[in-house]
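Lettering of chains follows the sequences in order, A, B, ..., and the numbering in each one begins at 1. Here the structure is a predicted model, which is why all the values come from computation and not from measurement.
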Amino acid sequence: MPEGHTIHRLARDQAKDLVGHQLGASSPQGRFAEGAALLDRSTLEATEAHGKHLVHRYDNGQILYVHLGLIGKFRRRKLDTELIGAIRLRLEGPERAWELVGPMRCELIDEDELDTILSKLGPDPLGPKPDVDEFARRLQRRRIPIAAALLDQSVVSGIGNVYRSEICFLCGIDPRRPAKELSDTEMEELWASTVEQLEIGVRLNRIVTVSRDEVDKPLSRLNRTERLYAYKRGGMECRRCGDEIKSDEVGARKVWWCPTCQS
DNA sequence: ATAATATGGTGAT
DNA sequence: TCACCCTATTATC
């Protein structure tokens, strides 16, 4: 679930349900009991997404910081449904509740701590001012493989393991090529593709990189391998050229690519 | 019933 | 590079 598109979509959806309202906050599971008590009955003023980082600002000055990590989820529920699972934080608005489960981080922080976190992030393709030049500058400094650089949140924020394979495929770039050796044009194409794909991700609330004319079903009815070109398709045929999708470890995680379409 | 897996990240070795 | 954290779901015995 959680790459940058998920977090930006959450910020948007939670704003709609919760901003401007005095919330009920609790920690049914108990591990965030003190924090929840400090948020309870305060009014949410704004939500923000920065790459994979989610922020809530409350009218009592509290700043809630959430990072979902690999397995965290923020789920939208109707108000009087049964509580299921290890709910770290439950926020109740007038019509809906949001339940946070399994986050890597969920804490109240101050403005300085938030600045420290945000200062480590590269440009956000979904941010208010997407900065292709800054992206290119940061790529030029890295001799690591491009697929490793795309995962590095200080190079670009919001890309995860699915998007890095998909974006390299869409741009026809071998994920193992050193980042700094890409041409200006290739860097610009990577950025444009990243912005485009993450925006689609926000709109559909899921990662779908295949283009409409390459599938016969509505995008919403595709299963995971059908929605993607490369990620976890090792051994399968490339849907563009029929060659066999390969995979390898790059930057401590697996990446998939088509040896013919990407060079 | 137990293990493996997951779209992430950190801190120790 | 490895161990570890967080939880739910799926796979394997």
Side-chain angles (χ1 to χ4, degrees), chain A residues 1-11 27-33 35-36 49-55 64-77 81-90 98-107 109 113 116-122 124-126 144-145 147-170 175 193-194 197-210 222-234 247-257:
Chain A
M1 266 320 235
E3 295 192 25
H5 68 297
T6 305
I7 309 309
H8 281 262
R9 176 65 185 252
L10 279 174
S27 177
Q29 166 223 47
R31 297 182 55 165
F32 189 57
H50 306 272
K52 299 173 185 171
H53 308 255
L54 180 65
V55 172
L64 173 68
Y65 169 68
V66 172
H67 195 301
L68 293 180
L70 183 59
I71 62 175
K73 284 185 171 53
F74 232 135
R75 53 196 192 199
R76 186 173 187 255
R77 312 288 314 258
T81 49
E82 184 193 359
L83 300 190
I84 296 165
I87 302 167
R88 185 81 62 90
L89 172 64
R90 186 163 192 276
W98 285 85
E99 294 176 348
L100 176 62
V101 171
M104 185 174 76
R105 294 183 65 183
C106 167
E107 49 204 67
I109 62 175
E113 294 170 300
T116 303
I117 291 164
L118 299 186
S119 69
K120 291 176 184 154
L121 297 180
D124 184 346
L126 293 174
I144 57 176
L150 292 176
L151 261 195
D152 182 339
Q153 302 299 297
S154 70
V155 170
V156 46
S157 54
I159 295 180
N161 208 30
V162 178
Y163 275 126
R164 73 160 176 169
S165 284
E166 295 301 305
I167 289 164
C168 286
F169 177 90
L170 290 167
S193 177
T194 300
Q197 292 305 319
L198 292 203
E199 282 176 353
I200 292 170
V202 171
R203 207 176 313 136
L204 302 179
N205 209 6
R206 78 179 6 174
I207 302 177
V208 180
T209 57
V210 294
L222 301 175
N223 67 36
R224 195 193 54 210
T225 27
E226 291 170 330
R227 295 196 289 264
L228 307 172
Y229 288 105
Y231 177 77
K232 283 215 171 147
R233 290 177 52 92
S247 81
D248 201 356
E249 200 107 337
V250 173
R253 303 184 70 187
K254 245 184 178 187
V255 71
W256 291 261
W257 75 97

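Rounded to a whole Å, the CG atom of A/Leu10 is 13 Å from the C1' atom of B/dT7. When rounded to the nearest whole Å, the span between NZ of A/Lys120 and C1' of B/dG8 equals 15 Å. Following rounding to the nearest Å, A/Phe74 (CZ) and B/dT7 (C1') show an atom-to-atom distance of 18 Å. Between A/Lys73 atom NZ and B/dA6 atom P there is a gap of 13 Å when expressed in whole angstrom units. In this structure, the NZ atom of A/Lys254 is 16 Å from the P atom of B/dG8, given to the nearest Å. Spacing between atom CD of A/Glu3 and atom C1' of B/dT7 amounts to 4 Å, rounded to whole angstrom units. Rounded to an integer number of Å, the gap from A/Ile71 CD1 to B/dT7 P is 12 Å. Here B/dA6 presents its P atom at 14 Å from CD1 of A/Ile207, a figure rounded to the nearest Å.
The same atom, P, is picked in B/dA4 and in C/dC4; the two are 15 Å apart, to the nearest Å. Remark: the separation of the P atoms in B/dT10 and C/dA8 is 23 Å, to the nearest Å. Nucleotides C/dC6 and B/dA1 are separated by 22 Å at their C1' atoms, to the nearest Å. Annotation: B/dG9 and C/dT9 have their P atoms spaced 22 Å apart (nearest Å).
Here the NZ atom belonging to A/Lys52 is positioned 10.5 Å from the CG atom belonging to A/Leu68, to the nearest 0.5 angstrom. With rounding to the nearest 0.5 Å, the separation of CZ in A/Phe74 from CG in A/Leu54 is 6.5 Å.
Residue-level contact check: A/Glu166 touches neither bases nor backbone, having no heavy atom under 4.0 Å from any strand.
Taking the side chain as every heavy atom from C-beta outward, A/Lys232 and A/Val162 never approach each other to under 4.5 Å. Considering only heavy atoms from C-beta on, A/Leu89 stays 4.5 Å or farther from A/Trp98 through its side chain. A/Gln197 has its side chain within reach of A/Leu170: a pair of non-hydrogen atoms, C-beta onward, lies under 4.5 Å apart. Counting only heavy atoms from C-beta outward, the side chains of A/Val156 and A/Pro125 approach each other to under 4.5 Å. A heavy-atom distance below 4.5 Å is found between the side chains of A/Cys106 and A/Leu64. Taking the side chain as every heavy atom from C-beta outward, A/Glu99 and A/Leu83 approach each other to under 4.5 Å.
Using a 4.0 Å cutoff to heavy atoms of chain A, the contacted part of DNA chain C runs 5' to 3' from C/dC6 to C/dA8.
Proximity of A/Lys52 to the phosphate of B/dG9: a side-chain N or O atom is located under 4.0 Å from OP1 or OP2. Between A/His67 and the phosphate of B/dG9, there is a side-chain N or O to OP1/OP2 separation shorter than 4.0 Å. For A/Lys232, a side-chain nitrogen or oxygen approaches OP1 or OP2 of B/dA6 to under 4.0 Å.
By the 30° and 60° cut-offs, the orientation of the rings of A/His53 relative to A/Tyr65 is parallel.
Within a heavy-atom distance below 4.0 Å of DNA chain C, the residues of residues 98-106 of chain A found are A/Val101, A/Gly102.
In this structure A/Glu107 satisfies the salt bridge (charged side-chain N to carboxylate O under 4.0 Å, His left out) test together with A/Arg105, sequence neighbours excluded.
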